[in-house]
Amino acid sequence: NGRAMVVRAAEAALATQAAPVVVVLGANADKVRPALAPLPILITENPDWPAGMASSIRAGMAALSSASPLLDAVVMALCDQPAFSSHVIARLLSAQRASGRNIVAARYAGRNGAPALFCRSQFGRLAALEGDRGARTLLNGDPESVESVELSELAIDLDSPADYETFLKGRVS
C-alpha cells in the first residue's frame with residue numbers, strides 16, 4: 001500500500017495500547033530509518049544483527065527496559081508479515097488476560113511464532129536468547145506454558161523481493 005512494511009508494523013503497534021513502541025534495525029538501518037522518522041517510536045540499532053534474531057531481541061529488550069523499566073509485558077512482532085495488524089495485537093492481549101499465561105503466541109503453519117506476548121516473568125529468558133532461532137524454543141518448547149492464538153493469515157511472510165512479487169500476484173488473481 002505504498003509504505004514500507006516496517007512502517008506498517010510500527011503503525012499497527014502504535015494503534016494499540018502498547019507503549020513504548022521500539023523498532024530494532026539491523027542491516028540497511030540507514031536506508032530504513034528515514035521512513036520511520038515521523039513516527040513516535042524508539043529506534044534502536046542492533047550492530048550485532050549478523051549473529052541472528054536473538055541479538056535483535058536482546059537489543060529491543062535493552063531499549064525497552066531503559067525506556068520503560070516497569071513494563072508488565074512485551075509484544076514482539078516482525079515486519080515481514082503483511083497480515084500483521086493492531087487487531088492481531090488485540091487478540092494476543094485478550095488471550096493473555098483470559099488465560100493468565102506468561103506467553104501468548106500466534107499459531108500458524110502448525111507451530112507457535114511471532115508475534116508473541118511475553119509477560120515480565122519471561123524477560124530474563126528473552127535477554128538470554130542466542131542464535132538465529134529467536135524465541136522459537138520459548139514459544140514451542142513447552143506447549144503447556146504457552147497460550148496459542150490461531151492466526152493462520154500470519155503464515156505468509158515476505159523474506160525476499162521474490163516472496164513479495166509472489167504475494168502481489170496472489171492478491172491480484
Side-chain angles (χ1 to χ4, degrees), residues 1 3-18 21-27 32 41 46 49 52-61 64 72-123 125-173:
N1 295 333
R3 293 184 335 274
M5 290 185 69
V6 67
V7 171
R8 290 183 69 244
E11 289 172 343
L14 288 167
T16 70
Q17 63 191 31
V21 173
V22 173
V23 175
V24 178
L25 300 179
V32 176
I41 61 174
N46 175 16
W49 64 267
M53 194 176 301
S55 67
S56 290
I57 291 172
R58 291 191 311 272
M61 291 303 296
L64 277 172
D72 294 325
V74 61
V75 174
M76 288 192 194
L78 307 172
C79 70
D80 67 352
Q81 294 171 307
F84 177 70
S85 69
S86 61
H87 301 292
V88 168
I89 296 172
R91 289 201 48 201
L92 296 175
L93 290 169
S94 177
Q96 195 287 320
R97 286 186 197 110
S99 70
R101 297 249 174 104
N102 290 317
I103 302 174
V104 179
R107 184 162 186 84
Y108 47 88
R111 70 178 185 197
N112 294 328
L117 180 150
F118 298 88
C119 290
R120 175 174 279 290
S121 64
Q122 302 301 308
F123 288 7
R125 294 175 75 191
L126 291 169
L129 291 172
E130 296 286 335
D132 198 31
R133 298 181 59 82
R136 192 175 300 163
T137 53
L138 298 180
L139 299 176
N140 292 288
D142 179 12
E144 298 302 314
S145 69
V146 178
E147 181 70 17
S148 298
V149 178
E150 189 60 44
L151 292 162
S152 58
E153 65 273 21
L154 293 174
I156 297 171
D157 71 359
L158 308 178
D159 293 329
S160 69
D163 290 347
Y164 178 69
E165 292 301 320
T166 300
F167 172 72
L168 288 179
K169 287 176 188 170
R171 290 180 64 197
V172 174
S173 0

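No donor-acceptor pair closer than 3.5 Å links the side chain of Asn46 to the backbone N or O of Leu25. Using a distance-only test at 3.5 Å, with no hydrogens or angles considered, a donor-acceptor pair links the side chain of Arg107 to the main chain of Gly110. Judged by distance alone, the side chain of Ser94 and the main-chain N or O of Ala90 form no donor-acceptor pair under 3.5 Å.
For Arg111, the CZ atom counts as loosely surrounded, since its 6.0 Å shell holds 12 or fewer non-hydrogen atoms of other residues, nucleotides or ligands.
Listed here is the closest heavy atom pair of Ala114 and Leu139: N-CD1, 4.3 Å. Residues Ser99 and Val104 share a closest heavy-atom pair of OG-CG2, 4.5 Å. Residues Ala9 and Phe84 share a closest heavy-atom pair of O-CE2, 3.6 Å. Among all heavy-atom pairs drawn from Thr16 and Ser86, the shortest one is CG2-CB, 3.6 Å. In this structure, Ser121 and Asn102 approach most closely via the heavy-atom pair OG-CG, 3.2 Å. Residues Val21 and Ala13 share a closest heavy-atom pair of CG2-CB, 3.8 Å.
Exactly one residue among Val24, Leu78, Val32 makes a side-chain contact (heavy atoms from CB on, under 4.5 Å) with Val6. That residue is Val32.
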task: Kindly determine whether Phe123 and Val74 satisfy side chain to side chain contact (heavy atoms under 4.5 Å, CB included), including the steps that lead there.
output: CA-CA 9 Å; Phe123 288 7; Val74 61; 3.7 Å; yes

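Side-chain contact between Gln81 and Tyr108 is present, with at least one heavy-atom pair separated by less than 4.5 Å. In this structure the side chain of Leu92 never reaches within 4.5 angstrom of the side chain of Gln96, judged on heavy atoms. The shortest side-chain heavy-atom distance between Leu93 and Gln17 falls under the 4.5 Å cut-off.
Applying the salt bridge (charged side-chain N to carboxylate O under 4.0 Å, His left out) test to pairs two or more places apart or on separate chains, those with a residue in residues 8-18 are Arg3-Glu11.
Residue Ile89 holds its CD1 atom at 10.5 Å from NE2 of His87, rounded to the nearest 0.5 Å. Taken to the nearest 0.5 Å, the CG atom of Asp80 stands 8.5 Å off from the CG atom of Asp163.
Legend: residues meeting side chain to side chain donor-acceptor pair (under 3.5 Å) with Arg125, ordered by chain and number and at least two apart, are Gln122.
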Under 3.5 Å donor-acceptor pairs involving side-chain atoms of residues 147-159, not counting sequence neighbours:
{"residue": "Glu147", "atom": "OE1", "partner": "Arg101", "partner atom": "NH1", "Å": "3.4"}
{"residue": "Ser148", "atom": "OG", "partner": "Asn112", "partner atom": "OD1", "Å": "2.7"}
{"residue": "Ser148", "atom": "OG", "partner": "Asn112", "partner atom": "ND2", "Å": "3.3"}

